[in-house]
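Everything below concerns the one structure shown next.
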Amino acid sequence: MQSYTLKNWSYRQAGTDTWKPARKDLETTEIHPDLFANGEIVDPFVDDNEKSLQWIGEKDWEYKASFDVTDKTASNHLLIFEGLDTFADVFLNGHKILSTESMFVQYQKQVKQYVQLDGPNELRIVFRAALLVARELEKKTFKAKGFNGESSRMQIRKAQYHYGWDWGPLFMTCGPYRPVRFVSYNSRIEDMYAKVSVAKDSASVDFQVSLDVTGPSVLELSVKSPDGHEVHHSKQDAVSGDNSIRFSLQNPQLWFPFSHGTPHLYDFTVSLKSQQGLETVTKRIGLRKVELVQEPFKDQPGTSFYFKVNDVPVYSSGSNWIPAHSFQTCLTKRDYEEWLQLMVDGNQNMIRVWGGGYYEQEVFYTECDRLGILVWQDFMFACGQYPAYPEYIKLVSDEVETQLKRLRNYCSLVLFAGNNEDYQVAEQVGLEWDKSDTSGHYEHTNFPARTLYEGVFPKLVSKFYPEVPYHPGSPWGGQDTADATIGDIHQWNVWHGSQEKYQDWYKLGGRFVSEFGMEALPSRKTYEACITDKSELYPQSYLVDFHNRSDGFERRLALYVIENIKVEGLDFDSWIYATQLMQAECLGYAYRCWRREWRGDGRRYSGGAIVWQINDCWPVASWAIVDHFKRPKLAYYSVRRESRPVGVGMYRNESKDPDPVLDIPDQEGAPFDYRPVHLAVDIWGVNSSLKDVKGTLKVDAYNVSTGERVGGLDDQSVVLKANQTSEFVKNMKISNKIPVVVYSRVVDEEGGIVASAGDWPQPLKYLKFPDRKVEIVVEKDQVVLTVNKPVKGVELSLESDLFIDDNGFDLFPGDSKVVKIKGLKSTDSVKVHYYQKQ
Ligand code: BMA
């Protein structure tokens with residue numbers, strides 16, 4: 001078997017004569033980056049260049065590449081197209097061999113009769129303008145409703161964010177965006193799948209290999225454990241079609257998410273020996289069992305929604321993932337490695353691949369397996385009313401089969417979800433549908449796409465990857481998509497919707513919050529990279545606004561900043577800091593109060609929080625907690641702090657004395673309720689490790705204005721119970737006369753801080769911070785900070801982009817805060833800013 005991946009593509013606009021080289025040495029490519037690399041267009045991400053580049057999506061484009069046949073005696077020659085974006089006619093040496101209509105389907109074509117053994121073979125692909133094809137299709141079907149992008153997008157199987165989204169530009173690109181392989185063979189391994197079932201102390205594996213063989217051949221399998229021992233070896237006669245090798249492993253080293261253990265991987269090496277030669281493939285496979293636990297509670301309505309991995313309940317703390325670039329082929333392996341390392345460094349054990357992008361590249365899932373990150377995978381449908389006529393169902397079934405077969409050897413997959421927010425769109429459009437109808441066929445109802453989400457997809461998942469649970473949509477469950485007691489919710493009533501205060505997140509939680517978010521501007525460096533006119537670098541400029549796509553962002557950013565943060569000035573740096581501090585506070589609050597609801601067996605009221613979103617596809621102000629250039633915003637760190645394996649949580653309760661008149665709900669005049677507010681703080685511990693952690697709880701209260709210690713609690717011994725919340729203090733009373741910040745920490749026997757948290761008077765804008773001193777000592781690979789009085793939101797910044805391991809934190813007297821910055825030299829300059837620095 002010989003396999004060659006085509007590269008060094010050339011391109012031209014259809015109907016023109018001159019071919020130009022695509023970006024050199026790349027196996028996969030797309031039209032916009034190729035035009036840019038050749039100086040034919042301006043940089044799509046800079047300024048408002050997007051506007052002048054729309055013509056590209058309205059044209060047809062051609063790509064070509066050539067290859068030689070090196071194995072001239074092979075009886076089969078096969079072309080495998082792992083992804084063509086989207087409507088492509090494929091010609092080999094002038095013969096049309098294929099037409100495609102989905103970027104998510106893998107197409108294969110036997111091409112023996114068309115190849116030239118002695119000469120170069122030319123593969124030419126004509127990509128039709130998907131934008132125009134979709135509009136034509138829409139005319140034949142119906143004009144559907146959706147959020148984001150034009151309505152015709154739902155007609156075609158192309159990454160939906162190419163149409164523009166509320167964080168992304170509109171670039172209808174095209175090209176061979178996944179590899180095209182030419183394979184010559186007599187015998188070959190077509191596919192393999194390790195179907196694993198994990199029991200107590202053992203795992204049984206049904207290893208299925210699909211082969212195409214000519215003549216007598218032998219199939220061999222060797223399995224090596226994570227510590228390098230061969231734990232299985234077998235040989236058998238190979239047959240064309242399905243071959244199965246069954247065996248079991250005693251005391252297997254199971255795969256766990258990094259938050260709960262080690263992501264062990266076994267090496268499965270398969271060889272096919274035939275007269276013509278040997279083909280060997282090795283895959284790294286993790287053994288694990290996944291369950292989605294949806295059980296009723298004794299004392300609360302609805303059902304749980306959380307994951308168990310190898311019988312261990314796992315609280316999911318994580319992020320939503322969108323495509324990390326508008327042009328997928330601009331991303332390198334290193335980009336994926338760095339993005340996913342940021343997840344691990346940020347204590348985030350789950351990533352949700354959102355339904356408006358792609359089924360990700362192999363390297364994404366390989367890294368998630370290796371690092372131990374759980375993957376929630378949506379099918380690629382987002383925010384719209386999708387059709388479900390027979391040809392469309394067939395096309396989508398091919399897509400889902402392609403993707404399930406591709407993804408089923410990745411153990412990091414823990415959930416498939418049918419779509420993103422399509423049920424929400426149906427509700428907003430005013431559709432009513434019969435939820436008791438479980439036939440799986442809804443083609444003739446007013447909500448035909450249910451046929452996909454509730455009929456076709458679950459069947460395909462249970463056929464091709466039954467180890468992974470299926471959920472019809474995100475969000476889905478209960479009375480409607482807003483039902484917080486069953487299934488998952490997208491909680492957008494902070495920012496979108498009713499624009500609640502983020503201090504009220506605790507009321508807005510659910511069994512699993514798979515989306516919620518808050519915007520902030522990225523760093524100044526990021527704007528400098530995408531705005532050429534430096535006089536545009538101010539908060540309200542045309543170009544700064546152009547690099548924000550969310551509806552009403554000016555008002556909403558202002559609302560949440562003005563409600564909470566004292567704005568130090570409307571210059572660019574102050575505004576960036578204000579939005580980032582506000583986002584960090586907002587998201588930190590959410591993680592803190594929802595994780596508290598992970599209360600132990602039978603009481604896992606909340607199973608996870610997945611923030612919208614970790615990344616950006618271009619330089620933009622969005623909900624991302626890390627910007628397009630991988631620069632963390634301050635919120636990345638508040639999420640990181642609240643997701644630590646062992647942590648402390650606090651919440652400030654407000655109450656008033658009962659009053660017969662003012663307590664009547666909606667009482668007119670209630671805004672003039674001047675009864676004093678009583679303040680009391682709850683303190684608890686969280687621990688996602690599988691061992692109890694013992695320590696001493698120390699609590700101090702300070703007057704924020706003077707910095708003076710005004711109270712606290714006697715030290716108390718505490719146990720943070722394994723894998724659940726432990727309540728420590730209920731209603732510690734604090735003064736309502738002065739602004740009091742409460743600082744809690746758990747320390748170990750040596751006095752080292754195991755976990756800490758501060759709880760500040762709200763809103764922060766009313767606080768004053770006179771006479772603060774932050775001392776910083778810059779050392780090799782770290783800085784050490786100390787303060788004379790409590791300080792809020794300390795931001796460290798560097799000239800370089802070294803990774804700072806904590807930022808935007810609070811400091812309290814008596815502590816020496818060590819922040820690790822690998823690569824830092826003691827002579828480097830580190831800038832320190834903090835909230836209301838004078
Ligand atoms: C959601 C997502 C996206 C969107 C985001 C922010 O609900 O599913 O469609 O970008 O909100 O509005």
Side-chain angles (χ1 to χ4, degrees), residues 144-151 153-154 159-170 318-324 326 351-358 376-386 415 417-429 453 471-477 480-482 484 487-500 502 508 510 512-520 547-557 559-560 579 583 586-587 590 609-618 620-628 633 635:
K145 290 259 174 8
F147 328 133
N148 298 298
E150 70 173 62
S151 56
R153 70 175 169 82
M154 274 87 78
Q160 300 282 281
Y161 83 111
H162 286 172
Y163 279 87
W165 218 262
D166 57 4
W167 36 259
L170 164 53
S319 276
N320 281 278
W321 169 263
I322 62 168
S326 287
I351 194 159
R352 170 173 172 247
V353 182
W354 165 78
Y358 314 91
W376 166 319
Q377 176 74 48
D378 284 358
F379 289 118
M380 291 300 122
F381 297 81
C383 305
Q385 284 186 290
Y386 285 84
L415 188 77
N419 65 76
N420 174 77
E421 296 186 353
D422 293 352
Y423 286 92
Q424 240 169 294
V425 171
E427 285 164 2
Q428 290 195 14
V429 167
Y453 316 140
H471 187 55
S474 182
W476 195 84
D480 53 37
T481 55
D488 64 324
I489 56 167
H490 290 185
Q491 183 49 274
W492 280 108
N493 281 326
V494 169
W495 180 268
H496 292 305
S498 50
Q499 297 173 9
E500 303 293 327
Y502 60 68
L508 303 169
F512 195 106
V513 187
S514 42
E515 279 187 21
F516 66 102
M518 175 51 68
E519 279 208 355
H547 287 253
N548 191 330
R549 292 306 158 88
S550 171
D551 189 29
F553 67 87
E554 301 93 334
R555 276 164 278 156
R556 297 182 197 185
L557 271 174
L559 167 69
Y560 284 99
T579 64
Q583 183 196 32
C586 167
L587 299 183
I610 308 288
V611 70
W612 184 267
Q613 71 223 51
I614 180 94
N615 59 339
D616 275 330
C617 69
W618 74 315
V620 66
S622 75
W623 302 269
I625 58 172
V626 181
D627 77 22
H628 180 61
K633 298 182 189 168

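Because only heavy atoms are used, hydrogens play no part in the values below, and waters and symmetry mates are left out as well, while side chains stay in. We count ligands from 1, going down the list as the structure has it; atoms in each ligand are counted the same way.
Under the 4.5 Å side-chain criterion, counting only non-hydrogen atoms from C-beta, I625 is in contact with I614.
Not one N or O on the side chain of D166 forms a donor-acceptor pair closer than 3.5 Å with the backbone of N148. Without hydrogens or angle criteria, K145 side chain to Q385 main chain gives no donor-acceptor distance under 3.5 Å. Counting only distance, with no hydrogens or angles, the side chain of N615 and the backbone of A624 share no donor-acceptor pair below 3.5 Å.
Ring geometry for W612 against W167 counts as tilted: the plane angle lies between 30° and 60°, on a 0 to 90° scale.
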Could you list, one pair per line, each nitrogen or oxygen of ligand 1 together with any protein nitrogen or oxygen closer than 3.5 Å, giving atom names and the distance rounded to 0.1 Å?
unit_1, atom_1, unit_2, atom_2, d
ligand 1, 7 (O), E421, OE1, 3.0
ligand 1, 7 (O), E421, OE2, 2.2
ligand 1, 7 (O), W492, NE1, 3.1
ligand 1, 7 (O), E515, OE1, 2.5
ligand 1, 8 (O), W354, NE1, 3.2
ligand 1, 8 (O), N420, OD1, 3.2
ligand 1, 8 (O), N420, ND2, 2.9
ligand 1, 8 (O), E515, OE1, 3.2
ligand 1, 8 (O), E515, OE2, 2.9
ligand 1, 9 (O), W165, NE1, 2.9
ligand 1, 10 (O), D166, OD1, 2.5
ligand 1, 10 (O), W167, NE1, 2.8
ligand 1, 12 (O), D166, OD2, 2.5
ligand 1, 12 (O), H496, NE2, 2.7

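Under the 3.5 Å distance criterion, with hydrogens and angles disregarded, no donor-acceptor pair is assigned to the side chains of D422 and Y386.
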